K.L.:
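This is the structure, below, for whatever I ask next.
Keep in mind it's a predicted model, so treat the numbers as computed, not measured. For the numbers below, each heavy atom of this structure counts, side chains included, while hydrogens, waters and symmetry mates do not.
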Amino acid sequence: MMKRKLKIYLPFVNAGMQEVATYRVNWIFFMLGEALSCFVTYFIWAAVYSSGSKESMNGFTMPQMIVYIVLMFLTGTIIASDGAFVVGEEIRDGSIIMRMIKPVSYNATFLFQELGNKLPTEIAIAVPMIITVEIIRTVMSGMFEFNVLRLVLYILSCALAYLINFYFNICFGFIAFVIKYLWGANMMKNVIVGFLSGMVIPLSFLPEAIEKVFLFLPFSSLNYTPVMIYMGKYGGTELLYCVGLQIFWVLFFFGLSKLLWKASVKRLSAQGG
């Protein structure tokens, strides 16, 4: 049964990989933009640390902050999902009808196509970025800190984070059934999620009460949790709790996407459809 389903959806993986190959210049500029953002973030934090008198701020030394920034860049790239934009555009132009008439799962077609789209990116940047992180840590600390178990747990956490992000974006995309055009709302969502997931500042820099709330929300499970696991900030019961929370949010948004899909198709009135 599983083999048969994979056979059905594997062509969508191939389609995603072909899309990256076709628009490779766009991919290159996207990666350059992300790298530039990473460098800007580094210089901001370098200025913050140089202007202060403490070597450590909220549990982060400057070398650890550099590792955090690079890992945030890597993790953000790994778990990125365009589901909200794609769903919104298909609803807007009416092409969603073509997916609806196919005898396959709507969500699964997106998932496998996006996985195919992401594979070249992961192959191209994941290993070099991990090596870069370890070189930075070794040079700055004078110790080789690479831990295979942490890497495996990081990969597992990233997989769960991607599924959370994917199904959350699918759910968000269904808003287009109501507001028709999702571009502005999607931009606002990206800014809010970026802050809540720790991409702007580590959540440990927030007041304790706010930090606890943010850590429970699904967005901390996107970027912050995998990065903190790789850096060795989480261990023991705290690690189990964070991974368990990620599994909870995967199941929550998966179920919610099914419910929203059933509710949305009943009031389908796509522009152009």
Side-chain angles (χ1 to χ4, degrees), residues 29-80 121-122 124-147 150-151 153-155 157-158 161-162 165 187-235 238-239 242:
F29 277 109
F30 170 78
M31 294 307 301
L32 287 174
E34 291 294 298
L36 179 61
S37 175
C38 185
F39 277 111
V40 170
T41 305
Y42 160 73
F43 285 115
I44 291 173
W45 280 108
V48 170
Y49 275 86
S50 64
S51 64
S53 58
K54 297 180 180 179
E55 290 187 6
S56 178
M57 300 175 67
N58 297 88
F60 285 84
T61 61
M62 186 56 200
Q64 287 176 328
M65 185 57 73
I66 295 172
V67 171
Y68 180 88
I69 292 167
V70 176
L71 283 174
M72 272 290 171
F73 165 72
L74 174 61
T75 306
T77 304
I78 290 173
I79 72 164
T121 302
E122 314 313 329
I125 73 165
V127 174
M129 290 299 288
I130 291 295
I131 293 173
T132 301
V133 166
E134 292 307 322
I135 290 174
I136 291 171
R137 290 212 292 187
T138 302
V139 170
M140 291 193 161
S141 68
M143 295 168 45
F144 185 64
E145 299 181 37
F146 177 71
N147 186 296
R150 281 184 201 163
L151 176 61
L153 290 172
Y154 170 76
I155 294 170
S157 185
C158 280
Y162 169 69
N165 202 27
M187 291 291 289
M188 182 180 70
K189 181 263 296 178
N190 289 339
V191 171
I192 294 172
V193 170
F195 176 72
L196 295 177
S197 65
M199 292 197 73
V200 179
I201 58 171
L203 299 185
S204 61
F205 278 66
L206 300 173
E208 187 176 351
I210 297 176
E211 180 191 359
K212 286 182 179 179
V213 174
F214 282 15
L215 286 175
F216 180 74
L217 295 176
F219 311 111
S220 67
S221 292
L222 299 180
N223 299 82
Y224 194 68
T225 295
V227 170
M228 296 298 272
I229 288 173
Y230 190 92
M231 294 183 69
K233 298 285 188 179
Y234 290 160
E238 189 176 21
L239 173 61
C242 290

K.L.:
Would you name the heavy atoms of Ile78 and Tyr162 that are closest together and state the gap between them?
P.N.:
O-CD1, 4.2 Å

K.L.:
Does Thr61 offer a backbone N or O that forms a donor-acceptor pair with the side chain of Gln64 under 3.5 Å?
P.N.:
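Yes: the side chain of Gln64 pairs with the backbone of Thr61.
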
K.L.:
Between the side chain of Ser197 and the main-chain N/O of Val193, is any donor-acceptor distance below 3.5 Å?
P.N.:
yes

K.L.:
Measuring from atom SG of Cys158 to atom CD1 of Ile229, what distance do you get when rounded to the nearest 0.5 angstrom?
P.N.:
8.5 Å

K.L.:
Does Ile201 form a side-chain contact (heavy atoms from CB on, under 4.5 Å) with Leu206? I'd like the steps, not just the answer.
P.N.:
CA-CA 8 Å; Ile201 58 171; Leu206 300 173; 3.7 Å; yes

K.L.:
Might you point out which heavy atoms bring Leu203 and Tyr224 nearest each other, and give the distance in Å?
P.N.:
N-CE1, 3.3 Å

K.L.:
For the residue pair Phe144 and Phe146, establish whether any side-chain heavy-atom pair is separated by less than 4.5 Å.
P.N.:
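Heavy-atom side-chain distance check passes, below 4.5 Å.
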
K.L.:
Is it the case that the side chain of Ser220 and the backbone of Leu217 share a donor-acceptor pair, with hydrogens and angles ignored and the cut-off at 3.5 Å?
P.N.:
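Yes.
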
K.L.:
Rounded to the nearest 0.5 Å, what separates atom CE in Met228 from atom CG in Leu239?
P.N.:
12.0 Å

K.L.:
Where is the tightest heavy-atom contact between Tyr234 and Cys242, given as atom of each residue plus distance?
P.N.:
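Here Tyr234 and Cys242 meet closest at CE1-SG, 3.5 Å.
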
K.L.:
Would you indicate whether the side-chain heavy atoms of Ile69 and Phe73 approach each other to under 4.5 Å?
P.N.:
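Counting from C-beta outward, Phe73 and Ile69 never come under 4.5 Å.
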
K.L.:
Is there a side-chain contact between Leu71 and Met129 in this structure, where contact means two heavy atoms from C-beta onward sitting under 4.5 Å apart?
P.N.:
no

K.L.:
Once you measure the plane-to-plane angle for Tyr154 and Tyr230, does it fall in the parallel (<30°), tilted (30-60°) or perpendicular (>60°) bin?
P.N.:
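Because their plane-to-plane angle is over 60°, the rings of Tyr154 and Tyr230 count as perpendicular.
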
K.L.:
Side-chain contact, heavy-atom cut-off 4.5 Å: Met65 with Pro202?
P.N.:
yes

K.L.:
Should Met187 and Val191 be marked as a side-chain contact (heavy atoms from CB on, under 4.5 Å) after you check the CA-CA gap, both sets of side-chain angles, and the distance that decides it?
P.N.:
CA-CA 6 Å; Met187 291 291 289; Val191 171; 5.9 Å; no

K.L.:
Answer yes or no: is there a donor N or O on one side and an acceptor on the other, between the side chain of Asn223 and the main chain of Met199, under 3.5 Å?
P.N.:
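Not a single qualifying donor-acceptor pair exists.
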
K.L.:
Taking atom OG1 of Thr225 and atom CG of Leu153, what is their separation to the nearest 0.5 Å?
P.N.:
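If I round to the nearest 0.5 Å, the distance is 12.5 Å.
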
K.L.:
Taking the side chain from Lys233 and the backbone from Gly59, do they hold a donor-acceptor pair closer than 3.5 Å?
P.N.:
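Yes; at least one donor-acceptor contact below 3.5 Å.
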
K.L.:
Considering only heavy atoms from C-beta outward, does the side chain of Pro128 approach that of Ile131 to under 4.5 Å?
P.N.:
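Answer no - side chains too far apart.
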
K.L.:
Which atom names give the shortest non-hydrogen contact between Arg137 and Val67, and what distance separates them?
P.N.:
CG-CG2, 3.2 Å

K.L.:
At their closest point, which heavy atom of Leu196 faces which heavy atom of Phe219, and how far apart are they?
P.N.:
CD1-CD1, 3.5 Å

K.L.:
Test your reading of the model: is there a side-chain donor-acceptor pair from Thr75 to the backbone of Met72, 3.5 Å cut-off?
P.N.:
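Absent.
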
K.L.:
Would you name the heavy atoms of Val200 and Trp45 that are closest together and state the gap between them?
P.N.:
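Nearest heavy atoms, Val200 then Trp45: O-NE1, 4.0 Å.
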
K.L.:
Calculate, to the nearest 0.5 Å, the distance between atoms SG and CZ belonging to Cys38 and Phe43 respectively.
P.N.:
10.5 Å

K.L.:
So how far is it from Leu215 CG to Ser221 OG, rounded to the nearest 0.5 Å?
P.N.:
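Here the rounded value is 9.0 Å.
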
K.L.:
Pair Tyr42, Ile66 - check side-chain contact (heavy atoms from CB on, under 4.5 Å), show working.
P.N.:
CA-CA 7 Å; Tyr42 160 73; Ile66 295 172; 3.8 Å; yes

